[in-house]
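One structure is given below, encoded as C-alpha cells.
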Amino acid sequence: MLISALCDYYDVLAKKGLVLPDGYSGVGIHALIALTEDGAVDSIVDCQETEIYTVKDKPKERKVPKTVMLPKRTEKTAIDANIIEHRPLYIFGLNYDAKTAALSASDGKDKAKKSHDAFVEKNLEFIDGIDTPLVNAYRSFMKTWKPEEQEHNETLLGAGKLLVTGKFAFCLAGRPDKLLHDEPKIKEKWEQMYAASTESDDAQSAQCCITGEYLPIERVHAKITGLPGGSPMGNTMVSYKNAAEESYGKKQSFNSCISANAVKKYTEALNYLLADKHHRTLIDETTYIYWAASGDEACNSIFSALAFGDTMDSEHTDEWLDSVFDGIKSGRATREIVDGIDNINSDVSFYVVGIKPNSARLALKCIYRQSFGKVLQNTIVHYSDMQIGSGGGKPMSVRTICKELVSPKSSNDKVSPALMAKLFDAIINGTAYPDALLTAVVRRVKTDTDDEKNSYIKMNNVRMGLIKACINRSARLKGKQEEIKMSLDLENRDPAYLCGRLFCKLEDIQRRASNDTLNRTIKDAYFSSAATRPAVVFPKLLSLSQHHLAKLEDKTAYFMDREVTEILGMMGSVFPSHLTLKEQGVFMLGYYQQKNQRFEKKAAAKAADE
C-alpha cells in the first residue's frame with residue numbers, strides 16, 4: 001500500500017513540478033568549493049541552511065544541508081565516480097582523521113587515490129568540448145590537483161569533519177550563486193548522455209507488482225536520504241542481502257518485482273516528503289510523514305497543527321484551530337466543527353506513516369490511510385476525550401503526550417515506537433487506546449514526584465486527560481455509559497473515585513492544620529499505596545486526620561469532617577482491598593478533580609470580585 005500510494009503522490013507532484021526530472025538526484029550540499037580561474041581551491045564556503053526545531057517545547061536551531069539537483073548518483077558500493085562529483089574522498093583524494101585533524105593521501109589500500117583517479121578520468125572525459133569559465137576552472141582543478149601535496153592544506157583542514165561526512169558543489173570564487181552543475185551546457189550534455197544510456201545487461205522484465213505493467217525490474221532500489229538518524233549515504237526501503245530471501249532464481253531486488261519506473265516514483269516522492277518540513281515531524285527517533293493524496297497542502301497544515309502542535313503558516317488555519325478547541329469546550333458536534341473548514345475536500349485520502357532508520361534500511365513503524373474528514377473528526381474526538389476541568393489550556397498534541405509518558409528526570413527515556421503506533425491508530429481511526437498507554441501514565445503518576453524547582457507536577461491536565469480518555473473511550477466502544485465527567489462528579493458512586501476524593505480531603509485537612517508549612521504531606525508518603533490498596537492505607541489516614549482536625553478552629557473542623565463523613569457515607573465505609581489498573585486511574589481522577597474544584601472556586605470568587 002505504501003509504495004503504491006507514494007507512486008500516486010509522485011504523479012501529483014510531477015504535475016506541480018515539485019519532483020526531480022528523470023536522470024537527476026537530489027543531494028544535500030554542505031559546502032561550496034570556490035575555485036580560482038586557474039583551478040586552485042580559493043576557499044570552502046558553508047552553504048547550509050538554518051532550520052528551527054523543537055526539543056521539550058523549546059525552539060532550537062540547527063544547520064541542514066541545502067538540497068540541489070545533480071546528475072543521477074551512482075548506487076554502487078565499489079569505487080564508481082559520479083558526473084560532477086559531490087563526495088570529498090573522490091574530489092580531494094585525501095583521508096581525514098577526525099581524532100588528529102590530519103589529512104593523508106595514503107590509507108594502505110589506496111582507496112583515496114583510486115577514488116580520485118576515477119573522478120578525474122570520468123569528469124575530464126565528460127566535460128571535453130565544453131568551454132566556459134567555470135568548466136575551465138573545474139578542468140584545471142582536476143589536472144593540477146595532487147593529493148599527496150595537499151596534506152597540510154589549511155583551507156581543507158578548516159573544513160574539518162565535512163571532509164568525511166560532507167557533500168560539496170563547485171563554483172568560482174566570488175560567485176557562489178552560479179554553480180557548476182547548473183551550467184546550461186553541463187545539463188544539456190548530461191541529458192543527452194542519460195537519454196542515450198541503455199539498460200544494463202542483467203536487467204530482467206516482469207509484471208510490476210505496483211503498476212501491473214510488463215516492465216524492466218529494478219535490481220537495486222534508490223536510496224532514501226534526509227532521514228534523521230539514518231545513514232549519511234542514505235537508506236533503502238527494499239533490499240535483499242541474504243540468499244535465504246531469494247526465490248525462483250531471482251537475485252537482489254528482482255525479488256520485489258517492482259519496475260524501475262515505480263522505484264523512481266516512490267523514492268522521489270518519499271525523499272520529497274522527508275525534505276519538506278511541512279510534511280514531516282520527528283518524535284524521539286521516529287519520523288512521521290503525512291500527505292493528502294490530492295496534494296492539498298492545507299490538509300497537511302491543519303493535521304500538523306492539530307496532531308503535532310507545529311507552527312502554521314496560514315492565518316486562516318490558526319483561526320480555525322482556535323475555533324476547534326472553542327467548539328470542544330462548548331460541546332459543539334464534531335461534524336459541525338469539521339464542516340467549518342473552507343475549500344477542503346474532506347473525502348480525500350490522507351496518509352500518516354512512521355519510519356525509523358534500521359542499519360542501512362528503513363523500518364516501517366506504522367501506516368494509516370483514512371479520509372481527511374474522518375481523520376479530523378477522530379482527532380477532534382480524541383481531544384474532546386482528553387479535555388478535563390473547565391479551564392482552557394493548550395492543545396494536548398502527540399508531542400506533549402509523549403513528553404508526559406517518560407520520566408522528567410531522564411534524558412534517555414523514549415516512548416516505545418509500538419506504543420506510538422497504537423496511539424496514532426486510536427487518534428486517526430478512533431479505536432481504543434492501547435492498554436500500555438494507561439499503564440504508562442498511571443506508573444508515571446505513582447512514581448514521579450512534584451518538583452517545584454523545575455516547575456514539574458506529576459499530576460497535570462495532560463496525564464489526567466489521558467487517563468480519562470482511556471477509561472471513557474473503552475466504555476463507549478463497549479456500548480456503555482462514559483464513566484468520568486470533565487469536572488468533579490458529586491454523583492459518582494465508584495468506590496475508586498470516592499477513595500480519590502477522600503484522599504484529597506484528608507490531605508486538605510492536614511494542609512490546613514499545618515498552615516501549609518509541611519515539606520512532606522500524606523500525598524508524598526501514601527498516594528501510591530492508597531491508589532493500590534485502599535483498605536490497608538485509609539484506616540491509618542482517617543486516624544491521622546482526627547489529630548489534624550483537633551488543631552483547626554471548631555467551625556472549620558466541623559465542615560471538613562462533615563465532607564469526609566459524606567464521602568464515607570456514599571462508600572458505605574467499606575474500602576476496596578485492591579484496585580485494578582483502571583480503578584487506580586479512576587482514583588487519580590477523583591483526587592485530581594476534587595483538588596481542582598478548590599482552585600476553580602477560588603478563581604470564580606476572584607472573577608466575581610473583579
Side-chain angles (χ1 to χ4, degrees), residues 24-25 27 29-45 47 68-74 76 78-96 102-159 162-164 166-194 196-197:
Y24 288 91
S25 298
V27 179
I29 297 298
H30 297 81
L32 302 179
I33 301 172
L35 301 175
T36 62
E37 291 184 357
D38 58 359
V41 176
D42 180 78
S43 61
I44 293 180
V45 184
C47 67
V68 300
M69 187 174 72
L70 294 176
K72 192 173 181 66
R73 305 288 90 180
T74 178
K76 295 181 180 179
I79 294 175
D80 188 24
N82 291 303
I83 299 299
I84 314 301
E85 189 56 73
H86 67 279
R87 295 168 291 183
L89 185 66
Y90 283 78
I91 294 172
F92 301 116
L94 292 165
N95 296 290
Y96 178 77
L103 292 168
S104 173
S106 61
D107 56 4
K109 297 182 180 179
D110 290 334
K111 183 177 180 181
K113 181 181 185 305
K114 292 177 182 178
S115 298
H116 181 70
D117 291 345
F119 154 66
V120 171
E121 180 182 357
K122 191 167 190 175
N123 281 267
L124 282 178
E125 181 183 353
F126 175 78
I127 64 175
D128 185 42
I130 302 178
D131 183 16
T132 70
L134 181 51
V135 173
N136 289 337
Y138 185 54
R139 182 185 290 108
S140 297
F141 166 75
M142 289 186 287
K143 287 183 176 180
T144 60
W145 183 265
K146 306 296 182 185
E148 62 275 6
E149 299 176 1
Q150 304 295 332
E151 293 180 344
H152 301 288
N153 188 308
E154 294 296 331
T155 302
L156 292 190
L157 290 171
L162 286 181
L163 296 177
V164 180
K167 297 174 183 178
F168 297 82
F170 287 89
C171 69
L172 281 175
R175 292 298 306 274
D177 57 320
K178 189 174 182 181
L179 304 181
L180 178 65
H181 56 267
D182 289 330
E183 289 270 287
K185 292 185 178 180
I186 292 286
K187 284 188 171 183
E188 181 181 355
K189 186 165 185 178
W190 164 251
E191 289 169 5
Q192 291 174 354
M193 178 187 293
Y194 186 78
S197 63

Residues in side-chain hydrogen bond (donor to acceptor under 3.5 Å, both in side chains) with [X], at least two apart?
X: Tyr96; result: none
X: Lys113; result: Asp117
X: Ser106; result: none

*Among all residues two or more places apart in sequence or in another chain, which pass the ring pair (Phe, Tyr, Trp, His ring centres under 6.0 Å) test with Phe141?*
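Once residues adjacent in sequence are excluded, the partners of Phe141 under the ring pair (Phe, Tyr, Trp, His ring centres under 6.0 Å) criterion are Trp145, Phe170.
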*Applying ring pair (Phe, Tyr, Trp, His ring centres under 6.0 Å), name anything that partners Phe119, two or more places apart in sequence or on another chain.*
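His116.
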Closest heavy-atom pair and its distance - [X], [Y]:
X: Ala31; Y: Cys47; result: N-SG, 3.7 Å
X: Ile127; Y: Tyr138; result: CD1-CD2, 4.1 Å
X: Asn95; Y: Ala112; result: ND2-CB, 3.6 Å
X: Leu156; Y: Leu163; result: O-CD1, 3.3 Å
X: Pro147; Y: Gly93; result: CB-O, 3.5 Å
X: Ile79; Y: Ala118; result: CG2-CB, 4.1 Å

_Cys171 side, atom SG; Ile33 side, atom CD1 - distance, nearest 0.5 Å_ =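 With rounding to 0.5 Å, SG (Cys171) is 9.0 Å from CD1 (Ile33).
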*With sequence neighbours left out, which residue pairs that include part of residues 124-152 fulfil the salt bridge (charged side-chain N to carboxylate O under 4.0 Å, His left out) condition?*
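Residue pairs passing salt bridge (charged side-chain N to carboxylate O under 4.0 Å, His left out), neighbours aside: none found.
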Can you list everything that forms a side-chain contact (heavy atoms from CB on, under 4.5 Å) with [X]? Sequence neighbours excluded, please.
X: Val45; result: Leu32, Ser43
X: Thr144; result: none
X: Thr155; result: Val41, Ile44, Asn153

*For His30 and Phe168, what are the C-alpha separation, side-chain angles and deciding distance, and is it a side chain to side chain contact (heavy atoms under 4.5 Å, CB included)?*
CA-CA 6 Å; His30 297 81; Phe168 297 82; over 6 Å; no
Side chains of residues 175-186: which donor-acceptor pairs under 3.5 Å do they make with residues two or more places apart or in other chains?
from	atom 1	to	atom 2	distance (Å)
Arg175	NE	Asp177	OD1	3.2
Glu183	OE1	Thr132	OG1	2.7

*Would you please name every residue forming a salt bridge (charged side-chain N to carboxylate O under 4.0 Å, His left out) with Lys187, sequence neighbours left out?*
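Expected list: none.
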Side chains of residues 81-92: which donor-acceptor partners sit under 3.5 Å, not counting sequence neighbours?
from	atom 1	to	atom 2	distance (Å)
Asn82	OD1	Thr74	N	2.8
Asn82	ND2	Glu85	OE2	3.2
Glu85	OE1	Asn82	N	2.8
Glu85	OE1	Arg87	NH2	3.1
Glu85	OE2	Arg87	N	3.2
Glu85	OE2	Arg87	NE	2.9
His86	ND1	Arg73	NH1	2.8
Arg87	NH2	Asp80	O	2.7
Tyr90	OH	Asp80	N	3.0

*Cationic tip of Lys72 within the cone over Tyr24's six-membered ring, i.e. under 6.0 Å and within 45° of the normal?*
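The answer is no, since Lys72 fails at least one limit relative to Tyr24.
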*Would you indicate whether the side-chain heavy atoms of Asn123 and Met142 approach each other to under 4.5 Å?*
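Met142 reaches Asn123 side chain to side chain.
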